[in-house]
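These values consider heavy atoms only, across backbone and side chains, with no hydrogens, waters or symmetry-generated copies. Here is how names work: the chains are called A, B, and so on, in the same order as the sequence lines, proteins then strands, and each is numbered from 1.
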Protein chains: 2
Amino acid sequence: MTVRERADAAHNRRKILVTAQRLFQDSGVDHVSMDDIAQAAGVGKGTLFRRFGNREGLIGALFQQLTEDWQQEALDQLADPGEDPRERVLGFVASLFDDIVVPGRPLLRALERDSGGSHANLERYLLWQGLLARAIAEARPDTDADFLAHTVLGVLRADFVDLLVGTGMSIDAVRTGVLTLTASVLTAAPEPG
Amino acid sequence: MTVRERADAAHNRRKILVTAQRLFQDSGVDHVSMDDIAQAAGVGKGTLFRRFGNREGLIGALFQQLTEDWQQEALDQLADPGEDPRERVLGFVASLFDDIVVPGRPLLRALERDSGGSHANLERYLLWQGLLARAIAEARPDTDADFLAHTVLGVLRADFVDLLVGTGMSIDAVRTGVLTLTASVLTAAPEPG
DNA sequence: AGCCAAGAGGACCAGCGGTCCGGATATGGT
DNA sequence: ACCATATCCGGACCGCTGGTCCTCTTGGCT
């Protein structure tokens, strides 16, 4: 397909992305309207929607930009059979928290909120959850690794982290809690009699 | 205080509540506008907002109606010192899941979504979390009961349950997972050497 | 240079939550 | 029974939002 994006289109796309990121950062994701972004980017509203389809598409593009490099590396490392699965899981969770959840919290919240829509979020979630579950299963073949993976990711959801922060916990306390939980998930518990 | 609610006002309040519940049930919370509710209840929009302040107030009132009886009983039982803390926690979680989360999922989602606003939700959360943490601490004094309580409640969040269902799990599978997780949280794990 | 698909842009739209205010009425005092 | 009035009612109205549409422009190929 030779239908390459025209130069002005690509230029505008980049301009929109950087502008949106700045506005979101400055004013909070849900105090910035699509009009705001179009105007600040010096672009018509039609252009904005032509490029990204809708609001969720724009936010998704910003989020993907944040994750694409990380995801490749992190998932490879998580699946690397040459290392202790426990270490791999802990490393993955720590990296997910530090590099994605914390810096991407506002974007993630916005994406989680409209989860009813696009399948992209669900697919991404399932990808992470599947690999995480496999690694957990390596460390603890005896348990429901699948649900434990869900649990760990559940605690990492942006709005839940925000809730915890809202109760007075510091980001660092949340981090410690998440990692402790992950570690305990990886440690075999005796079956209750 | 003789400032009793006038009879017509009370009547309208009841009518609005039952109408809203029906509409939400039939069409899904976020496909029903405040206009819809007012019209279906045979009431002016001004009346609706006068009674409940705003959308979140209405949803909150519906949710409180759903929980008020349950909460009294469940929290008492959770704090009852005469029973095995493990049983109490498991019973509380099961009841919370069966009686609140599952039937109230749509309302809860809507409330969680706008959590930025009212403190009422945060207070309710902290009340439940505090008592749950105390009971967990009785069963396992050695761990961070506080964060474990957060974890259990985190997995019970309505939008997370919806996400799990969206991945193909049945409600019953979610229930099993939640209870298994709770049980494992209540079972001491050996410190990793 | 000339053609034209792709893109630009902003007026426009429908729907939303929420407000306002002139008219109606329930209620307590007489 | 009746009045005075605080309370309440209703729906027109508002500002704002995400999203569409249609005309004009322009980059890129020949």
Side-chain angles (χ1 to χ4, degrees), chain A residues 1-20 23-24 27-62 106-107 109-118, chain B residues 1-20 23-24 27-62 106-107 109-118:
Chain A
M1 51 182 85
T2 14
V3 277
R4 271 236 326 282
E5 191 176 46
R6 249 167 59 173
D8 51 345
H11 177 234
N12 276 337
R13 198 187 59 237
R14 263 171 274 140
K15 202 159 54 168
I16 289 169
L17 282 173
V18 46
T19 304
L23 289 184
F24 284 161
S27 313
V29 173
D30 37 41
H31 291 107
V32 176
S33 70
M34 296 299 269
D35 290 81
D36 293 340
I37 295 168
Q39 189 161 14
V43 142
K45 217 173 158 183
T47 305
L48 179 50
F49 278 92
R50 165 182 281 266
R51 281 282 95 73
F52 298 100
N54 55 30
R55 185 169 232 266
E56 193 181 341
L58 172 60
I59 295 175
L62 280 171
L107 295 179
R109 276 201 76 149
L111 287 175
E112 290 166 4
R113 179 157 30 206
D114 316 323
S115 69
S118 70
Chain B
M1 48 180 107
T2 14
V3 278
R4 269 237 324 284
E5 190 176 47
R6 254 167 58 172
D8 51 347
H11 177 234
N12 277 337
R13 198 188 57 236
R14 263 172 275 139
K15 203 160 52 166
I16 288 169
L17 282 173
V18 46
T19 304
L23 289 184
F24 283 161
S27 314
V29 173
D30 36 42
H31 291 106
V32 176
S33 70
M34 297 299 270
D35 291 80
D36 293 339
I37 295 168
Q39 189 161 13
V43 142
K45 217 173 157 183
T47 307
L48 178 51
F49 278 92
R50 166 180 280 267
R51 281 285 93 73
F52 298 100
N54 54 29
R55 183 169 232 265
E56 192 180 343
L58 171 60
I59 295 175
L62 280 172
L107 295 179
R109 276 200 75 149
L111 286 176
E112 289 167 4
R113 181 158 29 206
D114 317 322
S115 69
S118 71

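- Going from atom CD of Gln39(A) over to atom P of dA11(C) covers 11 Å, rounded to whole Å.
- Side-chain atoms of Arg6(A) come within donor-acceptor range of the base of dT26(D), with a qualifying N/O pair under 3.5 Å.
- Arg51(A) comes within 4.0 angstrom of the backbone, heavy atoms only, and of no base.
- Taking atom CZ of residue Arg13(A) and atom C1' of nucleotide dG27(D), one finds them 16 Å apart after rounding to whole Å.
- Arg55(B) contributes atom CZ, which lies 6.0 Å from atom CD1 of Ile37(B) (distance to the nearest 0.5 angstrom).
- Remark: the backbone N or O of Val43(A) is not paired with any side-chain donor or acceptor of Thr47(A) at under 3.5 angstrom.
- Contact annotation: Asn12(B) side-chain N/O to dC9(D) OP1/OP2 distance is under 4.0 Å.
- Residue contacts shown for Arg55(B) are limited to sugar-phosphate atoms, with no base heavy atom under 4.0 Å away.
- Side-chain N/O atoms of Thr47(A) include none lying less than 4.0 angstrom from OP1 or OP2 on dG7(C).
- Atom CG in Asp8(A) sits roughly 17 Å away from atom P in dA5(C) (whole-Å rounding).
- Salt bridge annotation for Glu5(A)-Arg51(A): present, with a cationic side-chain nitrogen under 4.0 angstrom from a carboxylate oxygen.
- In this entry the distance linking CE of Met34(B) with P of dG10(D) reads 15 Å, nearest Å.
- Counting non-hydrogen atoms under 4.0 angstrom, Ser33(A) reaches the backbone sugars and phosphates but no base.
- A salt bridge does not link Arg109(B) with Asp30(B): every distance from a Lys NZ or Arg NE/NH1/NH2 to an Asp or Glu carboxylate oxygen is 4.0 Å or more.
- In this structure, of dG18(D), dA8(C), dT27(C), it is dT27(C) that holds the atom nearest to the side chain of Ala7(B).
- Closest-nucleotide positions on DNA chain D for Gly46(A) and Val32(A) were compared, and the one nearer the 5' end corresponds to Val32(A).
- Atom NZ in Lys45(A) sits about 7 Å away from atom P in dG18(D), given to the nearest Å.
- Annotation: of the two residues near DNA chain C, Asn54(B) and Arg50(A), the 5′-most nearest-nucleotide partner is Arg50(A).
- Note: CD1 (Ile59(B)) to P (dG17(C)) measures 9 Å, nearest angstrom.
- A heavy-atom distance below 4.5 Å is found between the side chains of Leu58(A) and Leu17(A).
- Atom P of nucleotide dG7(C) and atom NZ of Lys15(A) are separated by 16 Å, given to the nearest angstrom.
- Look at CZ on Phe52(A): it is 11 Å from P on dA8(C), rounded to the nearest Å.
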